[in-house]
A.B. asks: 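If you scroll down you'll find the structure; I have some questions about it.
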Amino acid sequence: MKTLRQADIAGGCFLAFLGLFILYAASNIRLGVERALSPRFFPSVLGFLIFACGVGLAVKSWRFRGEDPGIHWPDRQGFVIVVVSLLLIAAYNALMKPLGLPLATFLYAAASIGFLKPERWGVAIVSGLVLGAVSYVVFIRLLDLSFPMGFLFE
Amino acid sequence: MSFSFEHLFRGFEIALTFQNIFWAMVGCFIGTLVGVLPGIGPASGIAILLPLTTVLPPTSAIIMMAAIYYGAMYGGSTTAIVVNIPGEASSVPTAIDGYEMAKQGKAGPALAIAAISSFVAGTLGLVGLTFFAPLLADVAVAFGPPEYFALMFMALTLVISLSGRALLKGVISMALGLTTSLIGQDPLTGAARLTFGFPKLLAGIDFISVIVGLFAISEVMVNVESRITAISQKIGSWMPTWADIRQCTGAMIRSTGIGFFLGLLPGVTPSVTTFVAYDVEKRVSKTPERFGKGAIEGVAAPEGANNATSTAGFVPLFSFGIPTAPSMAVLLGGLMMYGLQPGPMLFKENPDFVWAIIASMYIGNVMLIVLNLPLVGMWARICVIPFYILGPMIVFFSVLGTYSIRFQPFDVWVMLLFGVIGYLMRKFGYPIAPMVLATVISQMMEMSLGQSLLMSQGSVLILFTRPISGVFMALAFISIARGIWLQIRSHAPEVAVEEAD
Amino acid sequence: MKRTAVGVVVLLAALAIAGAGVSNAANFPKKRITYNICFNPGGESDITARIQEQVLKKNLGVDVSIQYKIGGGGALCWADLAQSAPDGYTIAGHNLPHIILQPLEMGDAGYKTLELKNIYMFESTPNVLMVRKDSPFKTLKDFIAYAKKNPPGVVTVGGSGTSSANDLGTAELNKAAGIKLSYVPFGGTGSAVPALLGGHVTALMSYSPMAIQYKDKFRFLAIASEKRMDVIPDVPTFKEQGYDIVEGAYRGVAAPPGTPDAVVKVLADAFEKTMKDPEVRKKMDHNGFKTEFMGPEASQAFVKKKMVEYETIMKELGRVKK
């Protein structure tokens with residue numbers, strides 16, 4: 001998908017299907033007691049709206065013959081950076097419970113700064129330590145929020 | 001509570017004691033802090049400090065808690081402007097132009113104008129509260145379920161018009177936002193909806209995780225892929241020029257009016273009024289094309305509305321004992337811990353108490369601007385932090401803010417998912433603002449429609465026959481008709497103005 | 001190498017957590033207890049917990065941290081409780097009828113009613129039917145007569161949420177008086193109030209604390225308790241007006257399934273002592289909360305009794321999931 005036109009045709013089709021899927025899901029909602037407003041009403045209206053707009057978008061883009069604004073995709077390396085960054089966030093969240101917030105924060109910050117700027121690994125470790133400490137002092141101690149503390153602080 | 005100068009002076013006398021000034025200051029400081037931290041809103045800020053109330057006299061405690069509440073309205077804009085993380089839904093419109101300004105090296109003026117606008121609107125709102133509260137109180141209860149529905153419906157049609165030429169995409173974005181909020185239990189019947197058998201989804205998706213994902217996470221993605229070195233290369237002047245302030249005067253006053261009147265309605269939180277104020281500002285502007293590209297009025301308007309709304313919330317509170325926002329409810333809970341009974345009687349029987357709080361709010365607003373303006377320089381510097389450090393920091397605060405909503409990793413996964421969705425929406429030119437507003441008001445809209453139909457035994461006419469709701473519905477339909485007309489006439493590709501570079 | 005180290009560390013952590021689970025009651029509690037509140041801060045559950053907080057800390061001898069887990073009308077919080085470590089260090093406030101009606105209506109609410117281990121049931125708030133001070137209805141009789149005169153469904157009654165005690169109370173009144181009121185659910189006790197103040201609903205079915213807070217705005221037609229309440233002595237009961245309706249919300253605390261009885265007893269004793277503290281009682285009474293003193297067995301038995309009652313009512317109303 002290089003042009004916005006192609007993207008909008010594809011997006012429109014996807015949304016049309018999504019709309020149909022929501023309509024289908026809405027028709028499966030259990031009704032229970034008789035109420036003035038059925039619990040199916042809103043989801044059905046929205047499903048239909050998404051379907052209709054999706055079709056509209058696809059058709060409109062199909063017929064569009066002007067200059068295309070294009071899409072700014074990243075280059076190959078940029079793409080790799082985005083994916084790895086997302087995976088690091090996912091790992092952060094997954095490790096939060098077993099390792100506790102401070103340690104997970106340290107690992108996440110050190111790893112992602114180190115990944116984005118490998119030649120500054122010293123900065124990475126120091127920043128990791130600082131953020132880990134902030135997470136402990138501010139969020140666990142000061143604000144008294146029930147984040148997992150991990151075995152280090154039990 | 002009826003006005004008399006005697007009461008007001010007595011209030012200032014109490015508010016100006018050393019002890020009360022001190023606790024107001026503490027409240028302002030904490031309020032700014034919880035406002036700056038994404039995800040931790042004023043309600044949890046106040047709740048965290050509730051145990052303190054066992055050692056404070058009631059007046060000082062409420063002065064402090066109120067200061068946290070309106071103080072958070074000042075702090076909320078900071079992360080929205082500097083790093084594009086709106087910590088609350090109400091800061092989303094601020095982020096649109098504020099962050100653009102930050103990218104252009106004008107974070108300083110944006111932050112300063114946010115503080116100034118907050119101060120102006122907060123103080124004007126207070127004047128309204130001081131002199132007209134008894135008159136305005138009736139406005140608050142004149143709105144029943146049909147009026148609420150009509151108001152929300154109109155707000156949605158207004159916000160779609162923000163999407164510029166990308167009308168279809170605006171509607172899609174809104175519809176997806178509304179649908180997201182439907183996931184979970186139906187507020188009216190308790191039926192499970194769109195949960196696809198996942199018990200986790202029964203409790204619904206919290207809009208904070210949606211917002212943080214759409215803005216902060218997708219922003220980080222866009223920035224790391226292009227390997228930018230910092231959000232802004234330079235910090236220009238810290239202070240706005242006189243021309244800037246003059247340019248914003250109209251916006252501040254208009255947004256105060258909008259924020260204040262809508263803020264009288266219980267349940268209409270700043271998240272709604274800031275969107276309306278932003279939209280109105282764009283419509284009255286002679287140069288609407290500047291909006292979304294760093295228009296300074298685009299920062300002043302939502303910030304003003306924000307503070308005016310929070311001040312207006314005290315009108316139903318003092319007149320009827322009705323909390324208009326979750327943080328107000330916590331405040332009332334604080335009163336009950338003293339064994340006081342909140343409700344209209346309390347404020348009628350203890351005028352000193354009410355007027356001391358009102359007086360302290362004048363003082364608090366002055367404190368906040370004094371506290372916030374010098375901080376502008378510090379916050380603005382965040383923009384020049386190398387992005388390889390700032391990016392992970394943004395993620396850190398986003399994850400913590402999202403996790404602390406309900407203390408479950410699930411909300412962080414949702415945030416991550418919406419980060420990816422937000423990224424794709426940016427790439428394909430879908431406007432994000434309609435989705436945010438829709439997520440916030442979806443439940444309220446459906447609930448009030450259901451209630452209206454129960455009131456009218458199933459007839460939709462109730463939305464059109466009651467005068468206030470009829471006017472809102474008419475405005476909404478005019479807005480829709482205009483949108484369809486423009487859509488038919490335009491042959492341009494679907495591009496969201498706010499995203500176009 | 002690194003991976004092995006991490007593995008060992010994780011294993012040790014898991015063991016430490018598991019070890020904490022089998023702590024015996026003799027040295028319970030020895031660290032901070034998390035007391036989860038399943039509804040918004042500022043609501044009835046939160047206020048009660050805040051009133052108890054300081055005294056409870058003193059009685060338990062450890063810190064008690066009040067946290068909020070909000071979502072799904074409490075279901076999120078209770079489902080979470082059902083999966084928490086059964087060591088007594090995580091407890092949560094629970095409500096009747098919610099914990100009975102949610103599993104009944106939803107089928108799978110993420111927890112089962114009887115699986116939650118009752119510690120103590122400490123308060124109730126009976127339903128109160130109220131109208132505006134300037135309304136023509138002086139008594140319950142006037143109100144019911146008006147409902148009978150009008151077509152069914154025209155008279156509207158606002159209340160807090162669907163399947164709440166307010167909702168059930170309205171349905172019970174419909175049945176007892178042979179009328180049909182339209183019940184309009186709102187987001188909470190507080191958000192229903194403006195609807196009556198603005199005259200958007202005819203009446204409000206709400207809880208007793210509201211009868212104190214709004215005594216100068218509203219008129220109270222009947223209270224759904226066995227006897228009149230001391231703080232509002234001039235509000236007559238439904239019973240004395242000929243309608244056998246006793247309905248309201250009950251609040252207490254529960255522990256995760258499988259918590260040792262000895263641990264539950266320590267907690268229950270601390271709550272009992274807290275609720276009997278004169279200062280706590282005074283604040284509760286003053287705000288219109290009816291204090292209850294049901295220990296683990298008593299509250300468990302009460303829940304079972306209520307389950308039977310509610311199931312019957314819900315079946316009659318046709319609201320049970322088939």
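This structure is a prediction, so every number in the text was calculated from the model and none was measured. To find a chain, count down the sequence lines: A is the first, B the second, and so on, and within it residues start at 1.
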A.B. asks: Please look at A/V123 and chain B and tell me whether the side chain, the backbone, both or neither of the residue comes under 4.5 angstrom of a heavy atom of that chain.
C.D. replies: side chain
A.B. asks: Is there side-chain contact between B/L449 and A/F41, with at least one heavy-atom pair below 4.5 Å?
C.D. replies: yes
A.B. asks: Where on A/A90 is there a heavy atom nearer than 4.5 Å to chain B: the side chain, the backbone, both, or neither?
C.D. replies: both
A.B. asks: Parallel, tilted or perpendicular: which one describes the rings of B/Y423 and A/W73, with boundaries at 30° and 60°?
C.D. replies: tilted
A.B. asks: With only heavy atoms counted, which part of A/R5 is less than 4.5 Å from chain B, the side chain, the backbone, both or neither?
C.D. replies: neither
A.B. asks: For the OH atom of A/Y92 and the CG atom of B/L416, what is their distance to the nearest 0.5 Å?
C.D. replies: 13.0 Å
A.B. asks: Less than 4.5 Å apart, side chain to side chain, heavy atoms only: is that true for A/L18 and B/L176?
C.D. replies: yes
A.B. asks: Please tell me if the side chains of A/T105 and B/V399 come closer than 4.5 Å, counting only heavy atoms from C-beta onward.
C.D. replies: no
A.B. asks: What closest approach, in Å, do A/L131 and B/M393 show between heavy atoms, and which atom pair accounts for it?
C.D. replies: CD1-CG, 3.8 Å
A.B. asks: Identify which part of A/Y24 has an atom lying under 4.5 Å from any heavy atom of chain B, answering side chain, backbone, both or neither.
C.D. replies: neither
A.B. asks: So which of A/A111, A/A25, A/G78, A/G128 has the biggest tally of heavy-atom pairs under 4.5 Å with chain B?
C.D. replies: A/G78
A.B. asks: So which part of A/L57 gets closer than 4.5 Å to some heavy atom of chain B, the side chain, the backbone, both or neither?
C.D. replies: both
A.B. asks: Find the one option among B/V220, B/L178, B/T195 whose heavy-atom pairs under 4.5 Å with chain A are most numerous.
C.D. replies: B/L178
A.B. asks: Just do the ring-ring contact (aromatic ring centres under 6.0 Å, His included) check on A/F139 and B/Y403 with the steps written out, would you?
C.D. replies: CA-CA 11 Å; A/F139 289 88; B/Y403 192 89; over 10 Å; no
A.B. asks: Looking at every non-hydrogen atom in both residues, tell me the closest pair between B/R193 and A/P43 and how far apart they are.
C.D. replies: NH1-CD, 3.6 Å
A.B. asks: To the nearest 0.5 Å, how far apart are CG in B/L167 and NZ in A/K60?
C.D. replies: 7.5 Å
A.B. asks: Heavy-atom distances under 4.5 Å only: say whether A/Y108 touches chain B with side chain, backbone, both or neither.
C.D. replies: side chain
A.B. asks: Has B/F407 got more than 12 heavy atoms of other residues, nucleotides or ligands less than 6.0 Å from its CZ?
C.D. replies: yes
A.B. asks: Please round to the nearest 0.5 Å and tell me the distance separating atom CG of A/L46 and atom CG of B/L182.
C.D. replies: 6.0 Å
A.B. asks: With rounding to the nearest 0.5 angstrom, report the CZ to CE distance, A/F79 to B/M221.
C.D. replies: 9.0 Å
A.B. asks: Between A/L116 and B/P392, is any pair of side-chain heavy atoms under 4.5 Å apart?
C.D. replies: yes
A.B. asks: Between A/L86, A/L88, A/V83, A/I22, which residue shows the highest count of heavy-atom pairs closer than 4.5 Å to chain B?
C.D. replies: A/L86
A.B. asks: Quick one: are A/F147 and B/L400 in side-chain contact, heavy atoms under 4.5 Å?
C.D. replies: yes
A.B. asks: Taking all heavy atoms of B/Y430 and all of A/L15, pick out the closest pair and write down the distance.
C.D. replies: OH-CD1, 3.6 Å
A.B. asks: Taking every non-hydrogen pair under 4.5 Å, which of A/V80, A/L101, A/V45, A/I29 racks up the most with chain B?
C.D. replies: A/I29
A.B. asks: If you take all heavy atoms of B/K427 and A/H72, which pair is closest and at what distance?
C.D. replies: NZ-O, 2.7 Å
A.B. asks: What option among A/I50, A/V138, A/L49 has the most heavy-atom pairs under 4.5 Å with chain B?
C.D. replies: A/I50
A.B. asks: So, taking the atom named CE in B/M415 and the one named CG in A/N93, what distance separates them when rounded to the nearest 0.5 Å?
C.D. replies: 7.5 Å
A.B. asks: Are any of the side-chain heavy atoms of B/P409 and A/K97 separated by less than 4.5 Å?
C.D. replies: yes
A.B. asks: Pick one of side chain, backbone, both or neither for B/S226, based on which atoms fall under 4.5 Å of a heavy atom in chain A.
C.D. replies: neither
A.B. asks: Is there side-chain contact between A/K117 and B/I389, with heavy atoms separated by less than 4.5 Å?
C.D. replies: no
A.B. asks: Is the number of heavy atoms from other residues, nucleotides or ligands under 6.0 Å of A/F115 CZ greater than 12?
C.D. replies: yes
A.B. asks: Checking A/S61 against chain B: side chain, backbone, both or neither under 4.5 Å from a heavy atom?
C.D. replies: neither
A.B. asks: Testing the basics here: between B/L168 and A/G56, what is the closest heavy-atom pair and its distance to 0.1 Å?
C.D. replies: CD1-C, 3.8 Å
A.B. asks: Could you pull out the closest heavy-atom pair between A/A26 and B/L194, with the gap in Å?
C.D. replies: N-CD2, 4.4 Å
A.B. asks: Between B/F396 and A/F106, is the ring centroid distance below 6.0 Å?
C.D. replies: no
A.B. asks: Quick one: are B/E225 and A/I81 in side-chain contact, heavy atoms under 4.5 Å?
C.D. replies: no
